[in-house]
Amino acid sequence: MISLDINGKNYQVDVGPEVPLLWVIREHLRLTGTKFGCGIGACGSCTVHIDGKAARSCQTAVGSAAGRKITTIEGLAENHPVVKAWIKEQVPQCGYCQSGQIMQAAALLAEEPNPSDDRIVSAMDGNLCRCGAYPRIKMAIKTAAKEGKRP
């Protein structure tokens with residue numbers, strides 16, 4: 001049995017330690033906000049936070065996540081500045097990549113509250129959007145950075 005702390009809840013899963021965290025999140029725990037995109041860590045659709053850092057759950061063995069704090073899109077507060085900015089800036093088109101984009105952006109802003117345009121682009125570079133909503137994604141991150149500073 002592997003013990004996982006996901007979104008503040010403790011889960012016990014009976015899987016091998018090499019199983020991708022993504023499969024445990026989606027198939028065993030039925031937290032389906034984290035998406036499967038490419039399976040090789042290249043698209044970012046499966047991005048979660050592990051101890052506050054963005055991580056590709058399709059490339060993270062569940063055994064290496066045991067005992068660490070994992071946050072999925074379901075665990076991000078509805079009033080998080082990134083979530084609010086995504087809505088305000090009307091970012092989603094098809095929406096498939098959005099959970100990974102939001103999780104990557106939230107990790108960026110937690111690490112760097114006022115990133116430059118170049119830093120936003122470099123941090124988000126591994127998250128692909130088939131709809132090409134990149135200008136709105138960048139705008140939403142800038143909005144979240146600005147809104148997150150308000151009291």
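All values reported here derive from a predicted model rather than from experimental measurement.
- Under the salt bridge (charged side-chain N to carboxylate O under 4.0 Å, His left out) criterion, D51 pairs with R68, not counting sequence neighbours.
- With hydrogens and angles ignored, the 3.5 Å screen pairs no side-chain donor or acceptor of Y134 with any backbone N or O of M124.
- Under the rule for a side-chain contact (heavy atoms from CB on, under 4.5 Å), the partners of S64 that lie at least two apart in sequence or sit in another chain are T60, A61.
- Here the side chains of Q12 and I2 are not in contact, with every heavy-atom distance at 4.5 Å or above.
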Atom pairs and distances, donor-acceptor, side-chain atoms in residues 13-25, under 3.5 Å, two or more places apart:
none

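- Residue pairs meeting the salt bridge (charged side-chain N to carboxylate O under 4.0 Å, His left out) criterion with at least one partner in residues 95-111, sequence neighbours excluded, are K53-E111, E111-R119.
- A 4.5 Å side-chain heavy-atom check between L4 and N10 finds every atom pair outside the cut-off.
- Taking K35 as the reference, nothing meets the side-chain hydrogen bond (donor to acceptor under 3.5 Å, both in side chains) condition, with sequence neighbours excluded.
- Legend: residues meeting side-chain hydrogen bond (donor to acceptor under 3.5 Å, both in side chains) with D117, ordered by chain and number and at least two apart, are K142.
- When atom types are taken as modelled, the side chain of Q104 and the backbone of A54 share no donor-acceptor pair closer than 3.5 angstrom.
- For Q90, the CD atom sits in a loose shell: 12 or fewer heavy atoms of surrounding residues, nucleotides or ligands are nearer than 6.0 Å.
- Evaluation of the side-chain hydrogen bond (donor to acceptor under 3.5 Å, both in side chains) rule for R130 yields no partner, not counting sequence neighbours.
- Note that CZ of R26 and OG of S57 are 9.5 Å apart. Values are rounded to the nearest 0.5 Å.
- Test T47, N127, V91 against Q101 for side chain to side chain contact (heavy atoms under 4.5 Å, CB included) and you get one pass: N127.
- Hydrophobic cluster membership is shared by I6 and V48, with clusters built from Ile, Leu, Val, Met, Phe, Trp and Tyr side chains linked at under 4.5 angstrom.
- Residues passing the side-chain contact (heavy atoms from CB on, under 4.5 Å) test with C43 are C38, S45, L128, sequence neighbours excluded.
- Minimum heavy-atom separation, N7 to T71: OD1-CA, 3.3 Å.
- Linking ILVMFWY side-chain heavy atoms closer than 4.5 Å, directly or via other members, places I50 and L31 in a single hydrophobic cluster.
- Contact record, C129 with A133: SG-N, 3.4 Å, taken as the closest heavy-atom pair.
- The salt bridge (charged side-chain N to carboxylate O under 4.0 Å, His left out) test applied to E27 returns R30, not counting sequence neighbours.
- C46 and T34 make their closest contact through O-CG2, 3.4 Å (heavy atoms, listed as atom of the first residue, atom of the second, distance).
- Using a 4.5 Å heavy-atom cutoff, the side chains of K88 and E147 are in contact.
- Taking every heavy atom of both residues into account, G126 and R56 meet most closely at O-NH2, 3.2 Å.
- Proximity of L108 to P115: side-chain heavy atoms (C-beta onward) are separated by under 4.5 Å at one or more points.
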Taking distance alone, no hydrogens or angles, what donor-acceptor pairs closer than 3.5 Å link side-chain atoms of residues 77-87 to residues at least two apart or in another chain?
residue, atom, partner, partner atom, Å
H80, ND1, V82, N, 3.0
W86, NE1, Q98, OE1, 2.2

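- Partners of S116 under the side-chain hydrogen bond (donor to acceptor under 3.5 Å, both in side chains) rule, at least two apart in sequence or in another chain, do not exist in this structure.
- Under the 3.5 Å distance criterion, the side-chain polar atoms of E89 are left unmatched by any main-chain donor or acceptor of K138.
- Atom-to-atom distance recorded for I73:CD1 and I102:CD1 is 4.5 Å, nearest 0.5 angstrom.
- Proximity of a side-chain donor or acceptor of S99 to a complementary backbone N or O of G33 within less than 3.5 Å is detected.
- Annotation: salt bridge (charged side-chain N to carboxylate O under 4.0 Å, His left out) contacts of K69 (sequence neighbours excluded): none.
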